[in-house]
There are 2 protein chains.
Amino acid sequence: MDRSRCENCIVRQFNSLRALSKEELKKVSDSKTSKTIKKGQPLFEEGEKLNGVYCVRDGVSKLSKLSANGKDQIVKLASKGEVMGQRSVIAEEHSNLSAVAVSDMEVCFIPKDSITTSLQKNPNFTLEVLRHMAHDLKEADDVIVNMSQKTVKQRIAEAFLYLKNNFGEDGDGFLALTLSREDIANVVGTATESAIRIISEFKKKGLIHTSGKKIGIEDERKLRDLAEGF
Amino acid sequence: MDRSRCENCIVRQFNSLRALSKEELKKVSDSKTSKTIKKGQPLFEEGEKLNGVYCVRDGVSKLSKLSANGKDQIVKLASKGEVMGQRSVIAEEHSNLSAVAVSDMEVCFIPKDSITTSLQKNPNFTLEVLRHMAHDLKEADDVIVNMSQKTVKQRIAEAFLYLKNNFGEDGDGFLALTLSREDIANVVGTATESAIRIISEFKKKGLIHTSGKKIGIEDERKLRDLAEGF
DNA sequence: GTAATACTATGATAATTATCAGCTTTTACC
DNA sequence: GGTAAAAGCTGATAATTATCATAGTATTAC
C-alpha cells in the first residue's frame with residue numbers, strides 16, 4: 001500500500017478530507033506535495049497569500065500572530081490530522097497567522113484549487129469543513145474568556161493540562177511536546193520571565209517536575225483545581 | 001410588499017441567507033417567528049439547546065460567557081443582519097454563549113430544520129455560511145491577541161473605536177450604542193471600577209466626553225494612537 | 001574543544017490592575 | 001413624587017504582572 005497517497009493516509013480520518021469522494025481524493029493526492037519541516041522553520045508567514053492548505057501528518061506547528069508590542073501570541077497548536085490555512089483559503093484573504101514548526105514535521109501541501117472546487121461541488125465536504133470551523137470558533141471563544149478572566153498562574157496551569165491531554169506524555173512522564181519557556185509564555189500571553197517564575201513556583205509546590213526544558217505533571221488534581229480558581 | 005416575509009427583508013442581504021434559493025427562502029419564511037425582545041431580556045442562555053437560529057432585524061445583543069470567577073465575558077456584539085446561534089446548530093451542540101439584548105430588539109427565530117436541510121442540499125449556502133464563520137474566526141483570533149497583549153487602557157480605547165465604526169453615532173455626537181459601564185468592562189475583560197477609572201481619565205484628557213451613560217468620541221486620532229500603543 | 005549565542009533563572013523595582021469600602025447619582029417602580 | 005435599587009464614581013490598599021538587570025546553563029557553530 002502506498003502510504004504517500006491520501007487515499008491510504010490515516011491522518012485523513014481526523015479531518016474534513018474524509019468527506020471527499022474517491023475521485024476528489026485522487027485528485028487531491030495527485031496535486032499535493034509532501035514536505036519535511038525542521039523544528040523552528042516557518043510554514044507560512046502572517047500576511048502571506050496562501051496558495052493551498054497544509055495537512056499535518058506528523059509533528060506540531062504553532063500558529064501565532066505578532067502584536068503591536070513585538071510579542072508573538074500563539075493562538076493555536078496544530079498537530080497530526082489538522083489542516084492549516086483553511087480559513088484564509090476559504091475567506092480568500094491573506095493569512096492572519098504565521099505557522100512555525102515546534103517539532104520536526106511532515107506535512108502535505110494541497111493546492112487550493114482542488115479544495116475550492118470540492119467546496120463548491122460537494123456539500124458533504126463543505127459541511128464537514130464548516131463543522132470543524134464551528135468547533136475551532138468555540139475553542140477560540142473559550143480562549144478569549146480564559147485570557148481575559150484568568151490569572152497568568154491559572155492560564156499556565158491550564159496550558160500544561162492542555163498539553164498533556166492533546167499531546168500526551170513520553171515514557172518518562174514528561175509532556176511529549178516540549179515547548180521553550182518563551183513559547184509557553186506566548187501561549188498564555190505573558191512575559192517570559194513571568195512564565196519562568198510561575199514554572200519555578202509550580203515545581204517548588206510539587207505540581208510539576210522538570211528536566212531541562214522538559215516538564216512533567218506531578219499533581220494533576222491540584223493543577224486542575226488551580227486552573228479552575230480554587 | 002409584505003416586509004415580514006424573508007423574501008422582502010433587507011437584513012438578509014447582510015448574512016448568509018442571501019445564498020438561499022427562492023423555494024428555500026419561502027420555506028424559511030413560513031416556518032420563522034418574529035419576536036420583540038426588550039433591552040435586558042435574554043434570547044438564550046449558555047448551555048441551552050437551541051432549536052434554531054436568531055436573525056437580528058433590529059437592535060443589538062451581547063453574546064457572553066460566564067467565567068469561573070462569576071464574571072461575564074462579552075465575546076461579541078451582534079446587530080442588524082447577524083445570525084446568532086449558527087455555530088451551535090451546525091455543531092449540534094448546546095450553546096456555549098448567552099445572548100442578552102443590550103437595546104430593544106426585533107429578531108426572527110428560524111427553526112433549525114430549514115437551516116440544516118439547506119446546509120445539506122445547497123452548497124452555495126453552506127459555503128456562504130462557511131465564509132462568514134471563517135470571518136468570525138479571524139475576528140476571534142484578533143480578540144485573543146488584543147486581550148493577551150494589550151493593556152486595559154488600550155483595550156478600552158479600542159472598544160470605543162469599535163463601537164463608533166460598527167454602530168455609529170447619534171445626532172449629538174454620542175456613540176449610538178450605549179453600554180453600561182459594567183458591559184464595557186465585560187467587553188474588555190476588566191473590573192467595572194477599572195473601566196470607570198479609565199473612562200474618567202480619558203474624559204480628563206479630552207479623548208472623550210460623556211453625558212450620563214452616553215459616551216462621545218472627542219479625539220479619534222489620539223484614541224487610535226493610544227490603542228496602538230503610542 | 002571552545003567561543004558565541006540562545007535559553008533559563010532569579011532579584012529588585014515599577015507599573016498595572018483588582019478589591020474593598022463608602023459615597024453620589026440615576027433609574028425603576030409603586 | 002417618593003423611595004428602593006441599581007449604576008456610577010472615587011480613594012486606599014493589596015495583588016498581580018512587567019520590566020530591567022544580571023548571571024548561570026545549555027546548544028550550536030566553527
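Atom set for the values below is all heavy atoms of this structure, side chains included, hydrogens, waters and symmetry mates excluded.
- The pair B:Lys153-B:Glu201 meets the salt-bridge criterion, since a charged nitrogen lies less than 4.0 angstrom from a carboxylate oxygen.
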Practice item. Would you check, one step at a time, whether the test side-chain contact (heavy atoms from CB on, under 4.5 Å) holds for A:Glu82 with A:Tyr54? Key: CA-CA 8 Å; A:Glu82 295 205 61; A:Tyr54 293 86; over 6 Å; no

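- Less than 4.0 Å separates DNA chain D from at least one heavy atom of each of the following residues of residues 197-218 of chain B: B:Arg197, B:Ser200, B:Lys213.
- Between A:Lys39 and D:dT28 there is no side-chain polar atom (N or O) within less than 4.0 angstrom of OP1 or OP2.
- Taking atom CG on A:Asn69 and atom P on D:dA18, their separation rounds to 10 Å, with Å as the unit.
- At whole-Å resolution of the value, CG in B:Asn186 and C1' in C:dA18 are 14 Å apart.
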**Study point:** side chain to side chain donor-acceptor pair (under 3.5 Å) evaluation trace for A:Thr36 with A:Glu106
**Key:** CA-CA 5 Å; A:Thr36 308; A:Glu106 294 236 357; 4.6 Å; no

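- Taking 4.0 Å as the cut-off between side-chain N and carboxylate O, B:Glu93 and B:Arg87 count as a salt-bridged pair.
- Following rounding to the nearest Å, A:Ile196 (CD1) and C:dG11 (C1') show an atom-to-atom distance of 13 Å.
- No salt bridge links B:Glu193 with B:Arg197; every basic N to acidic carboxylate O contact stays at or beyond 4.0 Å.
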**Study point:** B:Lys39 and B:Ser103: CA distance, side-chain angles, deciding distance, side chain to side chain donor-acceptor pair (under 3.5 Å) verdict
**Key:** CA-CA 4 Å; B:Lys39 178 176 171 178; B:Ser103 65; over 6 Å; no

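- A heavy-atom distance below 4.0 Å to DNA chain D is reached by none of the residues of residues 143-155 of chain B.
- Proximity note for B:Glu193 (side chain, C-beta onward) versus D:dA18, C:dT19, C:dT17: the nearest is C:dT19.
- When the side-chain nitrogen and oxygen atoms of A:Thr190 are compared with OP1 and OP2 of D:dA18, one or more of them lie within a distance under 4.0 Å.
- A heavy-atom distance below 4.5 Å is not found between the side chains of A:Leu63 and B:Asp141.
- Backbone-only contact: B:Ser180 has heavy atoms under 4.0 Å from sugar-phosphate atoms and none from a base.
- Look at CD1 on B:Ile156: it is 13 Å from P on D:dG8, rounded to the nearest Å.
- Looking only at side-chain heavy atoms (C-beta outward), B:Met84 and B:Val53 stay at 4.5 Å or farther from each other.
- Side-chain contact between A:Asp58 and A:Lys80 is present, with heavy atoms from C-beta onward closer than 4.5 Å.
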Check your understanding: Taking it one step at a time, do B:Lys62 and B:Ile74 satisfy side-chain contact (heavy atoms from CB on, under 4.5 Å)?
Key -> CA-CA 6 Å; B:Lys62 60 179 173 184; B:Ile74 297 177; 3.7 Å; yes

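- When the side-chain nitrogen and oxygen atoms of A:Ser194 are compared with OP1 and OP2 of D:dA18, one or more of them lie within a distance under 4.0 Å.
- Ionic pairing of A:Lys76 and A:Asp136 is present here: one or more N-O contacts between side-chain nitrogen and carboxylate oxygen are shorter than 4.0 angstrom.
- One axis for each end of the helix from C:dG1-D:dC30 to C:dC30-D:dG1, each built from five base pairs, and the angle between them comes to 60° at 10° resolution.
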